[in-house]
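Data first, discussion second: the structure below is written as structure tokens.
All residue numbers in this chain count up from 1 along the given sequence. Please read these numbers as outputs of a predicted model, since none were measured by experiment.
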Amino acid sequence: MKLFAVRALSALALTTSVLASVPVLAHAEDQTLNIPVIRGGDTSMLSTVDPSGYVASVDPKENAGLLNYCVQNEYVPDYDDAFRTLQEYNKKTNAVSDGADGNMFYAIGSAGQIRVNNQTYTVAMATLPLRQKTCKAVLERAKAAL
């Protein structure tokens with residue numbers, strides 16, 4: 001009898017949680033979202049702002065994160081050379097520390113973002129030639145620091 005009561009309460013809890021979420025989902029479907037639909041190959045939403053000019057003024061750890069972004073997405077001409085540079089630059093700047101604490105500048109750069117003068121530029125939203133130009137500037141700055 002005790003096992004039956006536990007199972008019945010568990011089933012009741014599950015049913016209650018499912019039913020409690022139904023009105024929220026129904027309400028969410030009622031709202032019209034104005035999110036643009038981007039189809040594969042559509043570049044009309046990409047920015048023509050050139051973020052490469054801001055690379056020299058970012059924190060070295062943010063530059064290390066940007067280099068990580070560039071290497072991961074293969075926006076660099078020589079992947080192996082850029083990866084070796086990334087490893088050496090990370091050591092020099094201590095951008096990736098041991099332990100659980102991460103570095104916010106490195107995380108911002110790894111997300112492909114450049115923060116300068118209270119502005120955020122997203123490298124991923126730039127056209128492909130501008131992404132490659134920015135990554136070239138990031139790689140050159142890292143190599144110059146080594």
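Distance check: Glu62 CD to Gln113 CD gives 8.5 Å after rounding to the nearest 0.5 Å. Here OG1 of Thr93 is found 8.5 Å from CG of Asp59. Values are rounded to the nearest 0.5 Å. Put simply, CD on Gln72 and OH on Tyr79 are 8.0 Å apart, with the number rounded to the nearest 0.5 Å. For the atom pair CD1 of Ile108 and CG of Asn103, the computed distance is 8.5 Å after rounding to the nearest 0.5 Å. Taking OG1 of Thr85 as the reference point, atom CG of Asp80 lies at 10.5 Å (rounded to 0.5 Å).
Not a single donor-acceptor pair under 3.5 Å links the side chain of Asn117 to the backbone N or O of Gln119. Of the possible donor and acceptor atoms, none in the side chain of Glu88 sits under 3.5 Å from a partner among the backbone N and O of Leu146. Between the side chain of Thr134 and the backbone N or O of Ser52, at least one donor-acceptor pair lies under 3.5 Å. Under the 3.5 Å distance criterion, the side-chain polar atoms of Arg141 are matched with a main-chain donor or acceptor of Val55.
Heavy atoms only, all atoms of each residue included: Tyr89 and Ala145 are closest at CE1-CB, 3.6 Å. Counting all heavy atoms, side chain and backbone alike, Leu67 lies closest to Ala82 at CD2-O, 4.4 Å. Closest of all the heavy-atom pairs between Ala95 and Tyr106 is CB-CD1, 3.5 Å.
By the 4.5 Å heavy-atom criterion applied to side chains, Val58 and Phe105 are not counted as neighbours. Between Phe83 and Val76 there is no side-chain heavy-atom pair separated by less than 4.5 Å.
Of the options Val96, Asn68, Leu66, a side-chain contact (heavy atoms from CB on, under 4.5 Å) to Ser110 is made by Asn68 and by none of the others. The side-chain hydrogen bond (donor to acceptor under 3.5 Å, both in side chains) with Tyr75 is formed by just one residue from the set Arg131, Lys133, Lys136, Gln132; it is Arg131.
Under the 4.5 Å side-chain heavy-atom criterion for Ile, Leu, Val, Met, Phe, Trp and Tyr, Val123 and Tyr54 are members of the same hydrophobic cluster. Cluster annotation: Leu86 and Val138 are assigned to the same hydrophobic cluster (Ile/Leu/Val/Met/Phe/Trp/Tyr, side-chain heavy-atom contacts under 4.5 Å, transitive).
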Any chance you could lay out the side chain to side chain contact (heavy atoms under 4.5 Å, CB included) test for Val49 and Met125, step after step, and finish with the verdict? CA-CA 9 Å; Val49 174; Met125 291 306 295; over 6 Å; no

